[in-house]
Amino acid sequence: MLDQKFVRDNLEAVIQNCDLKNVHIDLEEYSTKEQRRREIIQSTQELRNKRNTVSQEIALAKKNGQNADAIIADMRSVATQIKEEEVELKEIEDYLQDILLHIPNMLHESVPHGKTEDENIEIRRHGDTTVNVEGVDHVELCSRHKLVDFARAAKISGSGFAVYTGKGAQLERALINYMLDYNRDAGYTEVMTPQLVNTEAMTGTGQLPKFEEDLYKCAHDDLYLIPTAEVSITNLHAQETLSFDQVPTRYTGFSSCFRREAGSYGKETRGLHRLHQFHKVELVSFTRPEESYDELERMVSHVESLLKSLNIPYRVILLCSGDTTFGSAKTYDIEAWSPIEQRWLEISSCSNLTDYQARRAGIRYKPQSNSKPEFVHTLNGSSLATPRLMISLLENNQKSFGIEIPEVLHSYISFKEV
RNA sequence: GGAAAGAUGCCGGAGUGGUCGAACGGGCUCGCCUGGAAAGCGAGUGUGCCCUCACGGGUACCGAGGGUUCGAAUCCCUCUCUUUCCGCCA
């Protein structure tokens with residue numbers, strides 16, 4: 001959420017920014033109501049001031065045994081007036097709040113302008129993309145080696161789910177453990193958080209109210225299944241003020257991720273490409289505002305080092321304005337190479353949300369031990385989402401005899417090849 | 001799921017309708033004292049919003065939301081959470 005005052009003072013820039021992100025909002029009515037809001041507040045405050053003053057006079061009169069009936073009768077109309085103004089104010093503030101929650105975060109100046117993903121910019125790439133182009137794809141590999149059973153997953157849950165079996169299940173578990181350890185060793189504190197969260201948490205990180213239809217909801221209990229651990233980890237510090245020495249704070253956590261993926265059909269959804277439930281290890285940082293863009297670079301290189309250690313060819317993409325998500329000021333995607341499909345697969349997304357989530361969720365810190373609290377900057381990134389990692393890993397490591405397990409995973413798994 | 005108790009500022013803890021943004025204690029910050037420290041003494045110490053160039057002023061906030069009243073931390077209703085006991089359960 002943007003600061004209300006910022007929107008008031010920078011209306012043109014905010015409108016332009018909405019355009020750049022392909023978000024269409026009418027801010028003309030907002031502007032009018034914003035002004036009306038301040039008028040009412042001024043008027044109501046004056047009335048309250050009067051009420052407070054006179055109430056004390058009444059108390060004093062009663063104390064002295066004087067009759068205060070006339071003033072009380074007078075104050076009755078003031079009370080009514082206050083109530084009327086409060087009703088209008090509430091209506092206006094609800095409206096303004098709703099609009100504010102639908103305004104995207106301001107983009108960083110370094111983000112290239114563009115409408116679609118075609119205008120994203122490749123920053124760098126690493127690894128050999130010429131090996132194993134002659135092999136078979138991950139769906140065939142999964143079936144041949146009985147690593148994933150899509151048919152039975154469909155039987156029990158429908159399309160878009162996976163049952164990992166045998167060595168497939170072990171490999172999945174090994175990857176998760178390896179990534180968690182790798183992140184922990186780099187200074188991220190490991191957390192294991194709830195996968196069902198309430199409306200406040202979903203609003204705090206920005207999934208609600210705009211993206212409700214992408215979420216699974218448990219209507220009975222008013223809880224949502226998280227689409228990413230970013231939600232529960234970022235909200236760990238919602239409505240808190242961190243002390244100066246708690247910033248930066250870095251977390252890593254594993255979770256299942258649940259996404260309805262309404263409207264996704266066709267080739268993009270084949271095999272492990274797009275699932276309703278998948279596994280992901282997440283990184284979340286809370287930083288000082290002046291350090292958040294350094295933190296973003298740091299996070300990206302950390303994820304890169306993880307991919308290097310697994311010997312996965314990848315490239316780093318800077319998303320253009322139109323492709324940068326709602327709450328993000330700047331996002332890098334990291335894509336792993338699929339040698340069989342001959343294309344790059346989005347496997348991680350690292351974003352600086354600046355103070356956008358912090359303001360929604362009320363996450364502050366004190367720059368110094370005795371200074372006023374300010375909003376932190378929050379960042380998150382995947383390290384990594386397993387399904388497409390699995391695709392790339394299986395395809396890149398297939399040999400004549402089967403699949404070779406990368407060396408860094410050997411201590412996490414009971415076999416060296418499939 | 002049933003029963004009971006509770007939720008107040010950074011922490012502990014008063015306060016049951018009228019100068020209560022909130023006593024008191026602790027913590028913290030600054031100053032004095034000291035060779036230095038401790039102890040002691042003095043001052044200060046929340047957040048949001050509105051008005052103001054500013055100084056400053058106003059207003060709201062005592063778990064959340066409603067209600068009663070001229071006036072609510074205090075009374076009423078609903079909800080959430082915590083603790084204890086019972087039930088159920090991996």
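Reminder, nothing fancy here: chain letters follow the sequence lines and each chain counts from 1. A quick note: this is a predicted structure, and the numbers were derived from the prediction, not measured.
An OP1 or OP2 oxygen of B:U68 is reached within less than 4.0 angstrom by a side-chain nitrogen or oxygen of A:K83. Here A:N52 reaches the OP1 or OP2 of B:A60: one of its side-chain N or O atoms lies under 4.0 Å away. The side chain of A:R76 places no N or O atom within less than 4.0 Å of a non-bridging phosphate oxygen (OP1 or OP2) of B:U69. A close approach under 4.0 Å does not occur between any side-chain nitrogen or oxygen of A:R38 and OP1 or OP2 of B:C49. The phosphate of B:G58 (OP1 or OP2) has no side-chain N or O of A:N49 nearer than 4.0 angstrom. Look at A:R8 and you'll find a side-chain N or O under 4.0 angstrom from OP1 or OP2 of B:C50.
As rounded to whole Å, 13 Å separates atom P of B:C51 from atom CD1 of A:I40. One can place CE of A:M75 at 13 Å from C1' of B:G18, the figure rounded to the nearest angstrom. What separates CZ of A:R36 from P of B:C50 is a distance of 16 Å, to the nearest Å. In this entry the distance linking CG of A:L47 with P of B:A60 reads 11 Å, nearest Å. Rounded to an integer number of Å, the gap from A:E93 CD to B:C61 C1' is 14 Å. The separation between A:K90 atom NZ and B:C49 atom P is 18 Å, rounded to whole Å. Atom CD in A:Q35 sits roughly 14 Å away from atom C1' in B:C50 (whole-Å rounding). As rounded to whole Å, 9 Å separates atom C1' of B:G48 from atom NZ of A:K5.
Checked against A:Y251 for a side-chain contact (heavy atoms from CB on, under 4.5 Å), the options A:L283, A:V191, A:T193, A:T234 give a single hit: A:V191. Of the listed residues (A:M390, A:E341, A:R388), just one forms a side-chain contact (heavy atoms from CB on, under 4.5 Å) with A:H138, and that residue is A:E341.
With both ends at atom P, the span from B:C62 to B:A73 equals 7 Å, rounded to whole Å. If you take atom C1' in B:C61 and the same atom in B:G9, they sit 11 Å apart, rounded to whole Å.
Using cut-offs of 30° and 60° for the angle between ring planes, the A:F161 and A:H276 rings count as tilted. Below 30°, between 30° and 60°, or above 60°: for A:F211 and A:F326 the angle between ring planes is above 60°, a perpendicular geometry.
Taking only side-chain atoms of A:S55, from C-beta outward, the nucleotide of B:U47, B:C49, B:G71 with the closest atom is B:G71. Among B:C49, B:G48, B:C51, the nucleotide with an atom closest to any side-chain atom of A:Q42 is B:C51. Distance from the side chain of A:R48 is smallest for B:U59 among the nucleotides B:U59, B:C70, B:G18.
Along RNA chain B, the nucleotide closest to A:K372 and the one closest to A:Q4 are compared, and the more 5′ of them pairs with A:K372. Looking at which nucleotide of RNA chain B each of A:R364 and A:T53 is closest to, the 5′-most match is held by A:R364.
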- Is there a side chain to side chain donor-acceptor pair (under 3.5 Å) between A:K330 and A:S351 once you walk through the steps? CA-CA 6 Å; A:K330 185 174 183 177; A:S351 299; over 6 Å; no
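Both distances falling under 3.5 Å, in either a Watson-Crick or a G-U wobble arrangement, place B:A5 opposite B:U82. Pairing partner, B:U68: none, since no Watson-Crick or wobble contact has both distances short of 3.5 Å. The nucleotide B:C32 finds its pairing partner in B:G40, both defining distances of the Watson-Crick or G-U wobble pair being shorter than 3.5 Å. Applying the Watson-Crick and G-U wobble criteria (two distances, each under 3.5 Å), B:C88 pairs with nothing in any strand. Both distances falling under 3.5 Å, in either a Watson-Crick or a G-U wobble arrangement, place B:G48 opposite B:U59.
Between A:F258 and A:L215, every side-chain heavy-atom pair lies at or beyond the 4.5 Å cut-off.
For the residue pair A:E230/A:T205, the side-chain donor-acceptor check at 3.5 Å is not satisfied.
If you check distances only, the side chain of A:Q45 does reach the base of B:G58 with a donor-acceptor pair under 3.5 Å.
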